[in-house]
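Quick note: numbers below take in every heavy atom, side chains included, and nothing from hydrogens, waters or symmetry partners.
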Amino acid sequence: MDFSTQALAKMAIELQSDLGHPDRFSRLITTLRQLLGCDASALLRYEARQFIPLAIDGLSKDVLGRRFMLEGHPRLEAIARAGDVVRFPADSDLPDPYDGLIPHHETLKVHACLGLPLFAGQTLIGALTLDGMDAHQFDDFSDESLRLIAALVSGALNNALLIDRLESQTVRPGSAAAPGGEAAQEMIGLSAPVAQLKKEIAIAAPTELNVLISGETGTGKELIAQAIHRQSLRASSPLVYLNCAALPESVAESELFGHVKGAFTGAISSRSGKFEMADGGTLFLDEIGELSLALQAKLLRVLQYGDIQRVGDDRSLRVDVRVLAATNRDLREEVLAGRFRADLFHRLSVFPLAAPGLRERGDDVLLLAGNFCERARLRMGLASVAIGPEARRYLLEYTWPGNVRELEHAVHRAIVLAVAAGEGEEVVLQPRHFRGGEAAAAVPAPAAVSTPEEEGVSLRAATETFQREAIARALQRSGNNWAAAARALDLDVANLHRLAKRLGLKGSRPGRSAAG
């Protein structure tokens, strides 16, 4: 079937209209689906050997959070290499990236599949995929007509991407790659809080201002710091990370400022500190609220004068470092309590940013879950990992006290449980794979609090019962993060572990997650 000149002209006008609208990509894909009459379609951007969904129609919402690496998707790799219209036969043995991702058809495979690579000159910038449940759904479309559509969509996509880059101020070549050649971790999300955060990052990044990033545990503060550095004028220089909460007091000063040989027992050679390593670049100080007052004073001097002294050295070294700091504490309250220096707080919080909690981000939960599903699918060699409709509702209804980090762990655990249950290489996650697996469930439910007035209850027993309940509540609120729970209870984390062990509460120290 060939499209009339009038139909193509109308489509061209609709594709190019309102390209400055925030929903530009969704409008583009809706126009195409109306013209082509497919059951599912997706507009994908190509970058760093992966396809990134910009807009979808007829597919599960979590597809927008997935990143389709060519190595894990032979059909998409075929589209990227083809340079022309690609028709996959209905009996093709190549797995379809959207199998299980069409709502209400999670257990059915796509039967008709078309791929149109999109180019700007000779450069691949994206792809348009068209899918149907009928094996002969696209037989009437001629290749010539589809090439015309691909040309029109390529022009619209190229213009829209240019507008997108200008709006987000990310026109720096190679800005998608982190220093050292590693792929930069992406902030997944389309919700209003995330959109606002990205705008604030774009404003703060090109400046030389210090930034204080606040937010609950697991909200992705490190990703925000990476985004600021990546969009800054220091992007080609190092981004150095230091977790202040993991620093023993005895070595904290050396970690920050370095030491000379013989400065203390065990200093068998001179060593550069994090400030020297970050010279010319950016230093990210995570959990800044954990620094002692003595170290806060020394950090303040660096921010004021730009020079450091290695431990055991009388000489000063000049450094040029931009400092980004993060905390899950309310530093204003810490200042009032005398645990954090007011002058350092004001030096650090020249440009404050707040990482929103996952419960504030609405449907972003599904996008993030889709992203984690795709990562796990590649790592575990599964054919497909889909999220069933009941599981989607379950994910949206849960409050996620541990935020993105808890969601990542929950999704990976659910996939492992589904595979262990013998559900094969085509996994469809259900609520049963999540229920009972939230971080809060790792702690036994506390018994009702007893009081000494109750007959037969001693003061010690009542106190221990109260302690169990308080620890369990703190762990639940912190997403089973023992360090955060210890801070909430005003205890040293080592003392909390000893107390929990004595009370019979079993737990382990959680590892850091790059996901949030």
Test item: Asp320 side-chain N/O and Gly280 main-chain N/O as donor-acceptor pair under 3.5 Å: no
Distance-minimising heavy-atom pair for Leu59 and Pro103: C-CD, 3.8 Å
Ile125 side, atom CD1; Leu161 side, atom CG - distance, nearest 0.5 Å: 6.0 Å
Glu408/Arg405 ion pair, N-O < 4.0 Å: no
Name each donor-acceptor pair under 3.5 Å that joins a side chain in residues 304-312 to protein atoms two or more places apart or in another chain, with its distance.
| from | atom 1 | to | atom 2 | distance (Å) |
| --- | --- | --- | --- | --- |
| Gln309 | NE2 | Asp314 | O | 2.9 |
| Arg310 | NE | Glu276 | OE2 | 2.8 |
| Arg310 | NH2 | Ser272 | OG | 3.2 |
| Arg310 | NH2 | Glu276 | OE1 | 3.1 |
| Arg310 | NH2 | Glu276 | OE2 | 3.3 |

Residues that Ser384 engages under side-chain contact (heavy atoms from CB on, under 4.5 Å), provided they are two or more places apart: Glu426
Residue Lys298 excluded, over 12 heavy atoms near NZ under 6.0 Å: no
Nearest non-hydrogen partners of Val335 and Ala342, listed with the distance: CG1-CB, 3.6 Å
Shortest non-hydrogen separation from Leu197 to Pro356 and the atoms involved: CD2-CD, 4.0 Å
Residue list, salt bridge (Lys or Arg N to Asp or Glu O under 4.0 Å) with Asp57, at least two apart or on another chain: Arg33
Ile387: which of Leu366, Leu101, Leu395 passes side chain to side chain contact (heavy atoms under 4.5 Å, CB included): Leu395
Any residue meeting side-chain hydrogen bond (donor to acceptor under 3.5 Å, both in side chains) with Arg315, in chain and number order, not counting sequence neighbours: Asp313
Leu300 backbone acceptor or donor facing Arg347 side chain under 3.5 Å: no
Pairwise distance CG(Leu64) to CD1(Ile52) - rounded to 0.5 angstrom: 12.0 Å
Sidechain-backbone polar pair: Arg49 side chain, Met69 backbone, donor-acceptor under 3.5 Å: no
Mutual orientation of the aromatic rings belonging to Tyr394 and Tyr398 [parallel < 30°, tilted 30-60°, perpendicular > 60°]: parallel
Stepwise side chain to side chain contact (heavy atoms under 4.5 Å, CB included) test for Asp363 and Lys61: CA-CA 8 Å; Asp363 287 351; Lys61 193 155 192 174; 2.9 Å; yes
From CA spacing to verdict: side chain to side chain contact (heavy atoms under 4.5 Å, CB included), Val211, Ile224: CA-CA 10 Å; Val211 178; Ile224 295 173; over 6 Å; no
Residues that Gln296 engages under side-chain hydrogen bond (donor to acceptor under 3.5 Å, both in side chains), provided they are two or more places apart: none
Contact list for residues 349-362, test side-chain hydrogen bond (donor to acceptor under 3.5 Å, both in side chains), sequence neighbours left out: Glu216-Arg359, Arg361-Asp364
Mutual orientation of the aromatic rings belonging to Phe275 and Phe257 [parallel < 30°, tilted 30-60°, perpendicular > 60°]: parallel
Evaluation steps, side chain to side chain contact (heavy atoms under 4.5 Å, CB included), between Val416 and Met380: CA-CA 9 Å; Val416 169; Met380 299 173 68; 4.2 Å; yes
Salt bridge (Lys or Arg N to Asp or Glu O under 4.0 Å) involving Glu200 - partner list, sequence neighbours excluded: none
Close side-chain approach of Leu353 to Ile228, heavy-atom, < 4.5 Å: yes
Distance in Å, Asn210 CG paired with Leu348 CG, rounded so as to fall on 0.5 Å steps: 6.0 Å
Check: Ile288 and Leu299 side chains under 4.5 Å, non-hydrogen atoms: yes
Approximate separation, where rounding is to 0.5 Å, of Gln226 CD and Tyr241 OH: 10.0 Å
Nearest-0.5 Å distance that lies between atom CG in Leu256 and atom SG in Cys244: 6.5 Å
Positive for salt bridge (Lys or Arg N to Asp or Glu O under 4.0 Å) with Arg67, one of Glu374, Glu47, Glu186: Glu186
Within-4.5 Å side-chain heavy-atom neighbours: Val385 and Val411: no
Thr217 and Asn328: side chain donor to acceptor below 3.5 Å: yes
Non-neighbouring partners of Arg379 that pass salt bridge (Lys or Arg N to Asp or Glu O under 4.0 Å), sequence neighbours left out: none
Results of side-chain contact (heavy atoms from CB on, under 4.5 Å) for Pro352 - residues two or more places apart only: none
With sequence neighbours excluded, residues passing side-chain contact (heavy atoms from CB on, under 4.5 Å) with Ala278: Val240, Leu283, Val321
Sub-4.5 Å side-chain heavy-atom contact between Met187 and Ile201: yes
His346 side chain vs Asp343 backbone, donor-acceptor pair below 3.5 Å: no
Salt bridge (Lys or Arg N to Asp or Glu O under 4.0 Å) involving Glu208 - partner list, sequence neighbours excluded: Arg234
Note, Met277 side chain near Pro238 side chain (heavy atom, < 4.5 Å): no
Smallest separation among heavy atoms of Gly126 and Leu157, with atom names: CA-CD2, 4.2 Å
Residue pair Phe372 / Ile188, side-chain heavy-atom distance below 4.5 Å: no
side-chain contact (heavy atoms from CB on, under 4.5 Å) against Glu334, all qualifying residues, sequence neighbours excluded: Arg329, Leu331, Arg339, Phe340
Flag side-chain contact, heavy atom, 4.5 Å: Leu291 against Leu344: no
Heavy-atom check, side chain of Ile56 versus side chain of Ile29, under 4.5 Å: no
Closest contact, heavy atoms only, Gln231 versus Ala202: OE1-CA, 3.7 Å
Interatomic distance, His433 atom NE2 to Leu417 atom CG [nearest 0.5 angstrom]: 7.0 Å
Heavy-atom closest pair, residues Arg377 and Gly72: NH2-O, 3.0 Å
